Amino acid sequence: MATGTEPPDTDPHPRGGGVHTPTRAAIRAPHLRTDRWWLAPAATAAGLLAFVVYSTWRAFAGTDYYAAPYVSPFYSPCLAENCEPMRSGPNWEIFGNWWGLSPAILILVFPLGFRLTCYYYRKAYYRGFWASPPACAVAEPHKKYTGETRFPLILQNVHRYFFYAALAVAGILTYDTVLAFRDEHYAWGHMGVGTLVFLVNIVLIWAYTLSCHSCRHIVGGKLKHFSRHPVRYRAWRLVGRLNARHMLLAWASLVSVALADFYVYLVASGAFDDPRLF
């Protein structure tokens, strides 16, 4: 009995790979969606591309990243000798004076590696840039699909290790936020608009980091009986609630870290003085 999916005898099945194979439904149209399905991947690509352009500019600038007591999250910790001196700040001169490039390049590899291999960001840039697939129920243009089993995408499996590095970076940024409760003369007990910017940023950074799928597995994975591990069970449920908002937290923290860097840039470049609340 005909099901409506078999091609007529006079209309051979389209040749090619991917979804255009004899084992798939014989639908000649590229897709049957009538909505503006392309808006989501286009907006995703535009947003990620804007961040890439901005972060590349700031990472290679090597200037205007410190205005006491604020240090840009792109440059913390500072691992080279060519860093600006930051009183009580994250100055770790691990690399000698032979490093002549921007010190941001030494540290950004870790948070960017964490985001690049993130399960949500994979979906985002796979759809936005590689059209793999561009949207639900829209066929991808590639003839074959190997997933993340071959180079270079097999490197996505190191995400769990970047998670540990992201925890360390989040801890350092927390320290920077505590230092933001000083004034430009390093006196404690003060708060500026920049302090609020840093507070919002670090909350979003921690929320995004802890909502990671790897974190959820580390907290509650390999447990056969939650009842025997009540602490880990509560932690797993908390991470699970954050994980449900992983996409939102990914975008919010991406915007907040860029805004925190831009705020430091404006203050350090002399565009305006940091308004003091008390």
Side-chain angles (χ1 to χ4, degrees), residues 47-118 121 125 129 151-153 155-156 158-159 161-180 182-186 192 194-195 197-198 201-202 204-205 208-209 253-274:
L48 293 178
L49 184 61
F51 180 81
V52 168
V53 172
Y54 173 80
S55 60
T56 301
W57 165 58
R58 288 294 294 139
F60 283 92
T63 58
D64 299 325
Y65 58 84
Y66 181 68
Y70 309 125
V71 56
S72 164
F74 287 4
Y75 287 80
S76 182
C78 214
L79 303 178
E81 288 188 5
N82 60 351
C83 297
E84 294 187 19
M86 297 178 285
R87 183 173 175 181
S88 301
N91 287 92
W92 302 345
E93 298 178 358
I94 300 176
F95 290 79
N97 55 15
W98 59 270
W99 182 263
L101 300 177
S102 170
I105 301 175
L106 296 172
I107 190 62
L108 279 180
V109 62
F110 299 106
L112 290 182
F114 176 62
R115 289 182 182 269
L116 185 67
T117 58
C118 166
Y121 280 116
Y125 62 77
F129 293 103
F151 184 84
L153 296 185
L155 296 179
Q156 301 281 27
V158 302
H159 177 61
Y161 304 108
F162 274 118
F163 168 72
Y164 297 122
L167 285 179
V169 172
I172 295 169
L173 296 183
T174 303
Y175 176 71
D176 295 340
T177 304
V178 173
L179 295 182
R182 304 178 299 175
D183 62 11
E184 63 275 13
H185 304 294
Y186 305 103
T195 310
V197 173
F198 273 53
N201 178 58
I202 195 57
L204 292 175
I205 289 292
Y208 165 65
T209 304
S253 60
L254 192 73
V255 172
S256 71
V257 73
L259 289 178
D261 170 81
F262 188 63
Y263 188 88
V264 175
Y265 165 75
L266 292 177
V267 176
S269 62
F272 69 90
D273 295 328
D274 177 47

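Fair warning: this is a prediction, and the values are worked out from it, not measured in the lab.
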About how many Å separate [atom2] of [Y] and [atom1] of [X], when rounded to the nearest 0.5 Å?
X: Trp57; Y: Asp261; atom1: CH2; atom2: CG; result: 7.5 Å
X: Ile107; Y: Ile172; atom1: CD1; atom2: CD1; result: 5.5 Å
X: Asp273; Y: Leu266; atom1: CG; atom2: CG; result: 11.5 Å
X: Leu79; Y: Trp99; atom1: CG; atom2: CH2; result: 10.0 Å
X: Leu179; Y: Thr195; atom1: CG; atom2: OG1; result: 10.5 Å
X: Leu108; Y: Phe110; atom1: CG; atom2: CZ; result: 10.5 Å

State, with a plain yes or no, whether a side-chain heavy atom of [X] is found less than 4.5 Å away from one of [Y].
X: Thr209; Y: Phe163; result: yes
X: Phe95; Y: Cys83; result: no
X: Asp176; Y: Pro73; result: no
X: Phe198; Y: Val264; result: yes
X: Phe60; Y: Ile105; result: yes
X: Val197; Y: Tyr70; result: no
X: Thr63; Y: Tyr265; result: no
X: Cys78; Y: Tyr66; result: no

Quick one: does any side-chain atom of [X] pair with a main-chain N or O of [Y] as donor and acceptor, under 3.5 Å?
X: Asn91; Y: Glu84; answer: yes
X: Asn82; Y: Pro103; answer: no
X: Ser76; Y: Ser72; answer: no

For atom CZ of Phe51, is the number of surrounding heavy atoms from other residues, nucleotides or ligands below 6.0 Å larger than 12?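 Yes, enclosed.
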A quick test of your reading: do over 12 heavy atoms of other residues, nucleotides or ligands sit less than 6.0 Å from OH of Tyr161?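 Not more than 12 within 6.0 Å, no.
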Below 6.0 angstrom between ring centroids: does that apply to Phe272 and Tyr263?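 Ring centres of Tyr263 and Phe272 closer than 6.0 Å.
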Taking the six-membered ring for Trp, is the centroid-to-centroid distance between Phe74 and Tyr65 below 6.0 Å?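 They do not qualify: ring centres at least 6.0 Å apart.
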State, to 0.1 Å, how close [X] and [Y] come at their nearest heavy-atom pair, and which atoms those are.
X: Tyr75; Y: Ala104; value: CE2-CB, 3.4 Å
X: Leu254; Y: Val257; value: O-CG1, 3.2 Å
X: Val71; Y: Met86; value: CG2-SD, 3.4 Å
X: Leu204; Y: Ser253; value: O-CB, 3.7 Å
X: Gln156; Y: Leu116; value: OE1-O, 3.6 Å
X: Asp183; Y: Pro69; value: O-CD, 3.9 Å

